[in-house]
Amino acid sequence: MLITYTPYLMGGVKFTKKFIAGSIVFQAVEDQVKQVIINLIQNTSDSISEIGGHIILTTDKDEIHLTLTVQDNEQGISEKNIKSLFNPFYTTKGINDSGLGLSIRHGIIKSHGGNITVQSKAGEGSTFPITLPIQGNLSK
Ligand SMILES: Nc1ncnc2c1ncn2[C@@H]1O[C@H](COP(=O)(O)OP(=O)(O)O)[C@@H](O)[C@H]1O
Ligand SMILES: [Mg+2]
């Protein structure tokens, strides 16, 4: 999987990648992992309404795991809402959104033997780190 975004501005939103040098080769169902990343970026974009928004994509790895983090500096999520975040049908976007995004992506990462978490504070943005085993660990 190749992520080739370079820092750029789209409609006032700054997009930065902080990738470790070299490529990370890992075992996964490519379409599924792509979907997860696109969904997280979509969520950050939804939360960004004003000029000054900043999305940061970070990669890191150790011997066993890779970590991919999607971070925004926007509205953040309250402590109360964080608890419901990965529940199916949980949405704050009204009837036009399914609220299924994070629960499905959580399932995908879990089925790869990985983990997805969230750190967020209302008003201060959100960080979603995804950890995946480099050797793959797909459950049937
Ligand atoms: N980056 C983010 N910033 C603020 N809120 C977020 C972010 N990502 C997710 N959320 C909150 O989590 C909810 C659930 O997200 P998701 O499962 O993707 O469903 P949907 O995007 O359809 O609402 C969103 O409605 C939103 O309230
Ligand atoms: Mg979503």
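We're numbering straight along the sequence, starting at 1. Read the numbers this way: they start at 1 and go in the same order the structure lists the ligands and their atoms. Just so you know, these numbers come straight off a predicted model, no measurement behind them.
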- Query: Any link between Ile64 and Ile116 through a network of hydrophobic side chains (Ile, Leu, Val, Met, Phe, Trp, Tyr) touching at under 4.5 Å?
  - Reply: no

- Quick one: look up the protein heavy atom nearest atom 22 (O) of ligand 1 and list residue, atom name and how far away it is. Gly99 N, 2.9 Å

- Considering non-hydrogen atoms only, spot the tightest contact between Asp62 and Ile134 and give its length. O-CD1, 3.6 Å

- Note on the structure: Shortest non-hydrogen pair, Tyr90 vs Thr92, comes out as OH-CG2, 3.3 Å

- Starting from atom 25 (O) of ligand 1, locate the nearest protein heavy atom and write down its residue, its atom name and how far away it is, to 0.1 Å. Thr92 N, 2.9 Å

- Query: Judged by non-hydrogen atoms, does Ser120 sit under 4.0 Å from ligand 1?
  - Reply: no

- Which segment of Asn81 sits under 4.0 Å of ligand 1 when only heavy atoms are counted: neither

- Message: With nothing but distance in play, are any N or O atoms of Asp46 less than 3.5 Å from an N or O of ligand 1?
- Response: no

- Message: Minimum distance, heavy atoms only, to atom 1 (N) of ligand 1: which one of Asp72, Leu85, Ile55, Asn39 is it?
- Response: Asp72

- How close does the nearest protein non-hydrogen atom get to atom 14 (C) of ligand 1, and which residue and atom is it? Tyr90 O, 3.3 Å

- Distance-only polar pair, side chains of Asn39 and Gln35, donor-acceptor under 3.5 Å: no

- Message: Can you give me the closest heavy-atom contact between Thr59 and Phe19, atom names plus distance?
- Response: OG1-CA, 3.2 Å

- Message: Working to the nearest 0.5 angstrom, can you tell me the gap between His106 NE2 and Leu85 CG?
- Response: 10.0 Å

- Query: Is Lys93 near ligand 1, meaning one of its heavy atoms is under 4.0 Å from it?
  - Reply: yes

- Close-contact set for ligand 1 against Gly76 heavy atoms, below 4.0 Å: 4 (C)

- Message: Under 2.8 Å from the Mg ion (ligand 2), which protein N, O or S atoms do you find? Ignore water molecules.
- Response: Asn43 OD1

- Kindly compute the distance separating CD1 (Ile109) from CD (Gln32), expressed to the nearest 0.5 Å. 9.0 Å

- Task: Mark up the atoms of ligand 1 that fall under 4.0 Å of a heavy atom belonging to Ser98, in ascending order.
- Result: 22 (O)

- Flag Ser103 as yes when one of its N or O atoms lies below 3.5 Å from any N or O atom of ligand 1, and as no otherwise. no

- Message: How close do Ile56 and His54 get, counting heavy atoms only, and between which atoms?
- Response: CG1-NE2, 3.7 Å

- Query: Which is closest to atom 5 (N) of ligand 1 by heavy-atom distance: Asn87, Thr44, Ile77?
  - Reply: Ile77

- Phe86 and Leu102: which non-hydrogen atoms are nearest, and at how many Å? CD2-O, 3.7 Å

- Which atoms from ligand 1 have a heavy atom of Ser47 less than 4.0 Å away? 3 (N), 4 (C)

- Item | Contact summary for Leu100 and Pro88, nearest pair of heavy atoms | CD2-CB, 4.0 Å

- To the nearest 0.5 Å, what is the distance between CD1 (Ile55) and CG (Asn43)? 10.5 Å

- Please state which part of Phe128 comes within less than 4.0 Å of ligand 1, counting heavy atoms only: side chain, backbone, both or neither. side chain

- Minimum-distance protein heavy atom relative to atom 17 (O) of ligand 1: Leu102 N, 2.7 Å

- Query: Does Ser126 have any side-chain hydrogen bond (donor to acceptor under 3.5 Å, both in side chains) partners at least two apart in sequence or in another chain, and if so, which?
  - Reply: Ser120

- Task: Give the residue and atom name of whichever protein heavy atom lies nearest to atom 23 (O) of ligand 1, and the separation in Å to one decimal.
- Result: Thr91 OG1, 2.5 Å

- Message: Looking only at protein heavy atoms, which one is nearest to atom 9 (C) of ligand 1, and what is the separation?
- Response: Asn43 ND2, 3.6 Å

- Query: What distance do Ile77 atom CD1 and Ser47 atom OG have between them, rounded to the nearest 0.5 Å?
  - Reply: 8.0 Å

- CG-CD1 distance between Leu66 and Ile20, expressed to the nearest 0.5 angstrom: 8.5 Å

